[in-house]
**Student:** 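This is the structure I have questions about; it appears just below.
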Amino acid sequence: MSVARDDLPAVSRRRVRLALRAARERTGLSQSEVAKKLGWSLSKVQRIELGEVTISPTDLRALLVDIYQLTDEGRIAELVEEARVARRERYWTAPEHRDYLPSGLVQLLQFELAATTIKEYQSTLIPGHLQTPAFAEATLAWYEVTLSEEARRVRRDVRLARRERVIDHGSAPEYRLLLDESALWRIIGDMVITADQFEDLAAAAQRPNVHVRVLPMDNGAVMGMFGGFSVLHLGADPDDAVLYRESYTRDELVEDPAEVDYHRLVFDRFWDRSLDEAASRALVLARLFDLRAKIARMSGNDQGMEP
């Protein structure tokens, strides 16, 4: 889907809720006081500030002007437009995405378009952004018990499309991948699929916006307990970021500043402890050549056994 990076409902909803919370805190009002002044329920104010629901442009203007005494018409107009964009969520999201993608991933697809830098840690697999079609198929095959064939197709198509947006696009963000060394020793699908994946990873790592580092197993035990996660920076302010976490059964997009900052600090700490990019690429290539050699030997043995 082609979309302007400023026309992202999930991102606009975040901008509105952060602006409203900041305006309320600046006035010294509590959420209860705001709710009482407007005749709203406390839960409505709380859910708007948490981003769980959108706010209408009319209610937004009432909050900004009547309660928070904002007089900057340019800023008011900007936030009103953000509120309009935020309410287009259903129209922005493809129906098959709503039907077959987890909710966190649906939001992530939008935040990736707004990201300036993505920091991703993976402890078990080459991440979706960098997967070849065959590797993606082999990975999703593990979900055959829990996902329908159509659901797996949608996830595969989305996974491959994300590569173009996050890795290959001309205005793609800076992408930093911290990969646990153990991921290089797992065979996904078969040796040919895995070798092709490592060859593709080594090539992608040479792109100017892609930085891949391998965390050696003797340094990665503690980091591995975190599981895979991504921190997406949305601007120059390091605090303007969101966190995405995914496991086999669930995923979530986290906006809590303390949680996001903690994962960012953990990533940065272990990034500095990892192999540099040249050494990391050499290690990936070493695994590639080892697999190619094994494939060649197996092929030779098979041919030697023919009558």
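What you see is a predicted model, and the numbers here were worked out from it, not measured in a lab.
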**Student:** Testing R17, R13, R24, R21 one by one against E49 for a salt bridge (Lys or Arg N to Asp or Glu O under 4.0 Å), which residue passes?
**Tutor:** R24
**Student:** Q131 side chain to I126 main-chain N or O, any donor-acceptor pair under 3.5 Å?
**Tutor:** yes
**Student:** Just so I know, are the side chains of V231 and T117 near enough to count as touching, which here means a heavy-atom distance under 4.5 Å?
**Tutor:** no
**Student:** What is the minimum heavy-atom distance between R292 and A195, and which atoms define it?
**Tutor:** NH1-CB, 3.4 Å
**Student:** Looking at CG of L64 and CD1 of I55, how far apart are the two atoms once the value is rounded to the nearest 0.5 Å?
**Tutor:** 7.5 Å
**Student:** Would you say the side-chain atoms of R47 pair up with the backbone N or O of V53, donor to acceptor, closer than 3.5 Å?
**Tutor:** no
**Student:** Would one find more than 12 heavy atoms of other residues, nucleotides or ligands at under 6.0 Å from atom CZ of R207?
**Tutor:** yes
**Student:** Can a donor-acceptor pair be found, under 3.5 Å and without considering hydrogens, that links the side chain of R287 to the backbone of L184?
**Tutor:** yes
**Student:** Within the 4.5 Å heavy-atom criterion, are V254 and F229 side-chain neighbours or not?
**Tutor:** no
**Student:** So, taking the atom named CD1 in I76 and the one named CD in E81, what distance separates them when rounded to the nearest 0.5 Å?
**Tutor:** 14.5 Å
**Student:** Are the side chain of S280 and the backbone of V214 linked by a donor-acceptor contact shorter than 3.5 Å?
**Tutor:** yes
**Student:** Between E255 and R15, is the closest basic N to carboxylate O distance under 4.0 Å?
**Tutor:** no
**Student:** With a 4.5 Å heavy-atom cut-off, do E89 and R98 have their side chains touching?
**Tutor:** no
**Student:** Any sub-3.5 Å donor-acceptor pair from Q197's side-chain atoms to L130's backbone N or O?
**Tutor:** yes
**Student:** Is there a side-chain contact between L79 and L20 (heavy atoms, below 4.5 Å)?
**Tutor:** no
**Student:** Going by an N to O cut-off under 4.0 Å, is there a salt bridge joining D7 and R88?
**Tutor:** yes
**Student:** Count I, L, V, M, F, W, Y as connected when their side-chain heavy atoms are under 4.5 Å apart, and connections chain through other members. Are L18 and L232 then in the same cluster?
**Tutor:** no
**Student:** Using a strict cut-off of less than 4.0 Å between a Lys/Arg side-chain nitrogen and an Asp/Glu carboxylate oxygen, indicate whether D180 and R186 qualify as a salt bridge.
**Tutor:** no
**Student:** Heavy-atom distance under 4.5 Å between the side chains of D196 and V192, does that happen here?
**Tutor:** yes
**Student:** Could you tell me whether the side chain of L160 reaches within less than 4.5 Å of the side chain of P133, counting heavy atoms only?
**Tutor:** yes
**Student:** Is a side-chain N or O of S123 found less than 3.5 angstrom from the main chain of G227, in a donor-acceptor match?
**Tutor:** no
**Student:** Do we see a donor-acceptor contact under 3.5 Å between the side chains of T58 and S56?
**Tutor:** no
**Student:** State whether the number of non-hydrogen atoms from other residues, nucleotides or ligands found under 6.0 Å of E149 atom CD is greater than 12.
**Tutor:** no
**Student:** Donor-acceptor pair, distance only, cut-off 3.5 Å: does the side chain of S230 make one with the backbone of Y244?
**Tutor:** no
**Student:** Is it true that R153 and E150 have a side-chain N and a carboxylate O under 4.0 angstrom from each other?
**Tutor:** yes
**Student:** R14 versus V242: any side-chain heavy-atom pair under 4.5 Å?
**Tutor:** yes
**Student:** Report the distance from atom CZ of R176 to atom NE2 of H211, rounding to the nearest 0.5 Å.
**Tutor:** 6.5 Å
**Student:** Taking T139 for its side chain and F135 for its backbone only, find out whether a donor-acceptor pair lies under 3.5 Å.
**Tutor:** yes
**Student:** Is it true that a side-chain atom of R84 and a backbone atom of P57 form a donor plus acceptor pair closer than 3.5 Å?
**Tutor:** no
**Student:** Taking the side chain as C-beta and beyond, is there a heavy-atom pair between R155 and Y100 under 4.5 Å?
**Tutor:** no
**Student:** Just checking, R273 and F270: is the charged tip under 6.0 Å from the six-membered ring centre and within 45° of the axis?
**Tutor:** yes
**Student:** Would you confirm whether R281, through its side chain, and A202, through its main-chain N or O, come within 3.5 Å as a donor-acceptor pair?
**Tutor:** yes
**Student:** Assess, by modelled atom type and distance only, whether the side chains of R162 and H129 contain a donor and an acceptor separated by less than 3.5 Å.
**Tutor:** yes
**Student:** Using 0.5 Å steps for rounding, measure from the CG atom of L178 to the CZ atom of R269.
**Tutor:** 13.0 Å
**Student:** Kindly indicate, with the supporting measurements, whether the criterion salt bridge (Lys or Arg N to Asp or Glu O under 4.0 Å) is fulfilled by K119 and D268.
**Tutor:** CA-CA 9 Å; K119 298 176 178 178; D268 291 345; 3.0 Å; yes
**Student:** Between the side chains of K36 and E33, is the shortest nitrogen-to-carboxylate-oxygen separation below 4.0 Å, so that they form an ion pair?
**Tutor:** no
